[in-house]
Amino acid sequence: MKNTETSDFKYIGNILLNWYKKNARDLPFRQTKDPYKIWICEIVFQQTRINQGLNHYNNFIKRFPDVKTLAEAAEDEVLLHWKGLGYYSRAINIHKAAKQIMADYHGSFPSEYGEILKLKGVGKYTAAAVSSICFNGKMPAVDGNFYRVLSRFFADGFDISNSKAFSYFSELAALILPEKVGDFNQAMMDLGSEICKPKNPLCGECPLHENCLAFSLQKMSSFPVKTKKVKAENLQLTYYFVHRNGQFLIQQRKDDFIWKKLFEFLPEISVELEPFVRNAKTINHKLTHKNLSIEIFDVDVTSASVWKALIGTKKYIISDFENFHEKSFPKPLENYIQNSLKD
DNA sequence: AAGCCGGGGAG
DNA sequence: CTCCCAGGCTT
């Protein structure tokens with residue numbers, strides 16, 4: 001930030017606000033300032049594209065229209081409404097935060113940035129977004145869009161994979177921050193999503209292109225700089241799909257590692273069940289940090305007495321083909337159940 | 001400060 | 001195939 005300190009860039013923020021008035025996306029959470037809804041939408045769309053999360057957001061708000069309803073719901077049902085979205089700690093934390101708001105704020109959503117920041121699953125970005133959009137807060141909601149737009153505008157090569165990137169780009173954002181911070185934050189999101197896209201940005205339609213340094217240098221694809229590459233490691237999982245007469249056995253995962261608190265098939269079976277093992281199927285599934293190879297053994301328990309004894313232990317949860325969608329399974333397991341239905 | 005957590009769509 | 005998305009938590 002060498003050559004930017006002496007210049008006044010406030011007009012940039014106002015250009016963005018004017019652009020936003022005419023080009024704001026028509027999204028369901030744009031028609032409200034209810035901090036509950038804005039909070040939910042901010043969590044849903046963390047690391048998630050609008051088109052991917054829109055149905056989840058709408059279904060979530062329909063089932064849990066306010067903090068109290070969410071706080072009083074069972075965790076499994078919150079997870080169910082998060083099914084397929086990924087990053088499941090968000091669902092667990094969103095439920096804990098709702099309880100927090102009931103206990104610590106009498107069910108009234110906190111209005112101060114510092115208080116919002118105390119909620120589980122709420123970091124500096126989300127606290128800034130909610131406080132600015134709903135309570136006239138003045139903090140920039142620095143996210144991936146800010147990184148991209150600002151690094152291009154200033155042709156700034158600061159590495160966004162550096163852990164100091166957030167504070168660095170917060171200072172850059174402060175240079176152009178107008179009075180109406182809430183609209184400004186949303187304007188940056190829309191510009192980054194619709195115009196200043198990661199690849200093939202639409203600079204001809206950008207309200208900032210006359211002053212954008214990356215554009216003047218025709219180096220848009222050089223920004224932002226990101227040095228750290230994510231590498232996925234291989235991981236083998238084994239499951240036994242133990243079933244009889246349209247019912248099958250599942251258990252719930254812990255809240256560590258992948259797929260926190262989602263349901264899964266049995267990772268192992270006792271020797272009495274081994275005679276019923278039929279065939280195995282291997283599913284390859286890619287996560288951001290893992291390449292999964294999931295081997296699933298089909299175990300058709302053809303003996304009524306063995307099945308009855310199995311159920312009697314009460315160690316497992318019984319699910320069935322009729323309503324398996326009432327529990328939250330990892331995507332590859334849900335697909336496996338779906339395919340089993342066709343057989 | 002670095003590593004980890006999903007799933008999907010774009011190119 | 002690679003990249004990255006309205007990030008945050010844990011260690």
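This structure is a prediction, so every number in the text was calculated from the model and none was measured.
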Novice: Using the side-chain hydrogen bond (donor to acceptor under 3.5 Å, both in side chains) criterion, which residues pair with A/Lys99? Sequence neighbours excluded.
Specialist: none

Novice: Rounded to whole angstrom units, what separation is found between the OH atom of A/Tyr147 and the C1' atom of C/dC4?
Specialist: 14 Å

Novice: If I take atom CG in residue A/Asn55 and atom C1' in nucleotide B/dG8, what distance separates them, rounded to the nearest angstrom?
Specialist: 13 Å

Novice: In whole angstroms, how far is the P atom of C/dG7 from the CG atom of A/Asp143?
Specialist: 5 Å

Novice: Under the ring-ring contact (aromatic ring centres under 6.0 Å, His included) rule, collect the residues that match up with A/Tyr336, sequence neighbours excluded.
Specialist: A/Phe241, A/Phe265

Novice: Which residues in residues 182-208 of chain A have a heavy atom closer than 4.0 Å to any atom of DNA chain C?
Specialist: A/Met189

Novice: What is the distance from atom CG of A/Asp76 to atom NZ of A/Lys261, rounded to the nearest 0.5 Å?
Specialist: 8.0 Å

Novice: Please, which pairs that meet ring pair (Phe, Tyr, Trp, His ring centres under 6.0 Å) have at least one residue in residues 47-68 of chain A, sequence neighbours excluded?
Specialist: A/Phe29-A/Tyr57, A/Phe60-A/Phe64, A/Phe60-A/Trp82, A/Phe64-A/His81

Novice: Would you kindly compare A/Gly121 and A/Asn145 by the position of their nearest DNA chain C nucleotide and give the one closer to the 5′ end?
Specialist: A/Asn145

Novice: Can you list everything that forms a ring-ring contact (aromatic ring centres under 6.0 Å, His included) with A/Tyr240? Sequence neighbours excluded, please.
Specialist: A/Phe297

Novice: For A/Phe146 and C/dC5, give me the distance from atom CZ to atom P, rounded to whole Å.
Specialist: 14 Å

Novice: Could you work out the separation of B/dG3 and C/dA6 based on their C1' atoms and round it to a whole Å?
Specialist: 23 Å

Novice: When the side chains of residues 243-250 of chain A are checked against the rest of the protein, which donor-acceptor pairs come out under 3.5 Å, sequence neighbours left out?
Specialist:
unit_1	atom_1	unit_2	atom_2	d
A/His243	NE2	A/Asp298	OD1	3.1
A/His243	NE2	A/Asp298	OD2	3.1
A/Arg244	NH1	A/Val301	O	3.0
A/Arg244	NH1	A/Thr302	O	3.2

Novice: Nearest whole Å is fine: how far is B/dG8 C1' from A/Phe45 CZ?
Specialist: 14 Å

Novice: Counting only heavy atoms and a strict 4.0 angstrom limit, can you tell me which residues of residues 17-29 of chain A come near DNA chain B?
Specialist: none

Novice: Using whole Å, what does the distance between atom C1' of nucleotide C/dG7 and atom CG of A/Leu119 come to?
Specialist: 15 Å

Novice: Taking only residues two or more places apart in sequence or in another chain, which ones pass salt bridge (charged side-chain N to carboxylate O under 4.0 Å, His left out) with A/Lys331?
Specialist: A/Glu334

Novice: When clusters are formed from ILVMFWY side-chain contacts under 4.5 Å, directly or step by step, what else is grouped with A/Met189?
Specialist: A/Tyr125

Novice: If the cut-off is 4.0 Å, is A/Lys226 near the phosphate of C/dC3, judged by side-chain N/O to OP1 or OP2?
Specialist: no

Novice: Hey, could you give me each pair passing ring pair (Phe, Tyr, Trp, His ring centres under 6.0 Å) that has a residue in residues 202-232 of chain A? Not counting sequence neighbours.
Specialist: A/His209-A/Phe215

Novice: Could you go over nucleotides 4-7 of chain B and give all protein N or O partners under 3.5 Å, atom names and distances?
Specialist:
unit_1	atom_1	unit_2	atom_2	d
B/dC5	OP2	A/Lys290	NZ	3.2
B/dC5	N3	A/Tyr87	OH	3.4
B/dG6	OP1	A/Tyr87	N	3.3
B/dG6	OP1	A/Tyr88	N	3.2
B/dG6	OP2	A/Trp259	N	2.4
B/dG6	O4'	A/Tyr87	N	3.1
B/dG6	N7	A/Tyr87	OH	3.3
B/dG6	N7	A/Thr288	OG1	2.6
B/dG6	O6	A/Tyr87	OH	2.8
B/dG6	N1	A/Gln47	O	3.1
B/dG6	N2	A/Gln47	O	3.2
B/dG6	N2	A/Thr48	OG1	3.2
B/dG6	N2	A/Leu85	O	3.3
B/dG7	OP1	A/Tyr88	OH	3.1
B/dG7	OP1	A/Lys331	N	3.2
B/dG7	OP2	A/Trp259	NE1	3.2
B/dG7	OP2	A/His285	NE2	3.1
B/dG7	O6	A/Thr288	OG1	3.2
B/dG7	N2	A/Gln52	OE1	3.0

Novice: What integer number of Å spans the P atoms of C/dT11 and B/dG6?
Specialist: 15 Å

Novice: Can you find a side-chain donor-acceptor pair between A/Asn23 and A/Glu205 that sits under 3.5 Å?
Specialist: no

Novice: To the nearest Å, give me how far apart CD (A/Glu334) and C1' (B/dG8) are.
Specialist: 14 Å

Novice: Within the 4.0 Å heavy-atom criterion, would you say A/Val122 contacts the bases, only the backbone, or no part of the nucleic acid?
Specialist: sugar-phosphate

Novice: Across the strands shown, which category fits A/Arg30 at heavy-atom distances under 4.0 angstrom: base, sugar-phosphate, nothing?
Specialist: base

Novice: Just jot down the side-chain hydrogen bond (donor to acceptor under 3.5 Å, both in side chains) partners of A/Thr69, sequence neighbours excluded, or say none.
Specialist: A/Asp66

Novice: Do side-chain atoms of A/Ser108 reach the backbone of A/Tyr105 as a donor and acceptor pair under 3.5 angstrom?
Specialist: no

Novice: Mind calculating the distance between NZ (A/Lys120) and C1' (C/dC9) to the nearest angstrom?
Specialist: 10 Å

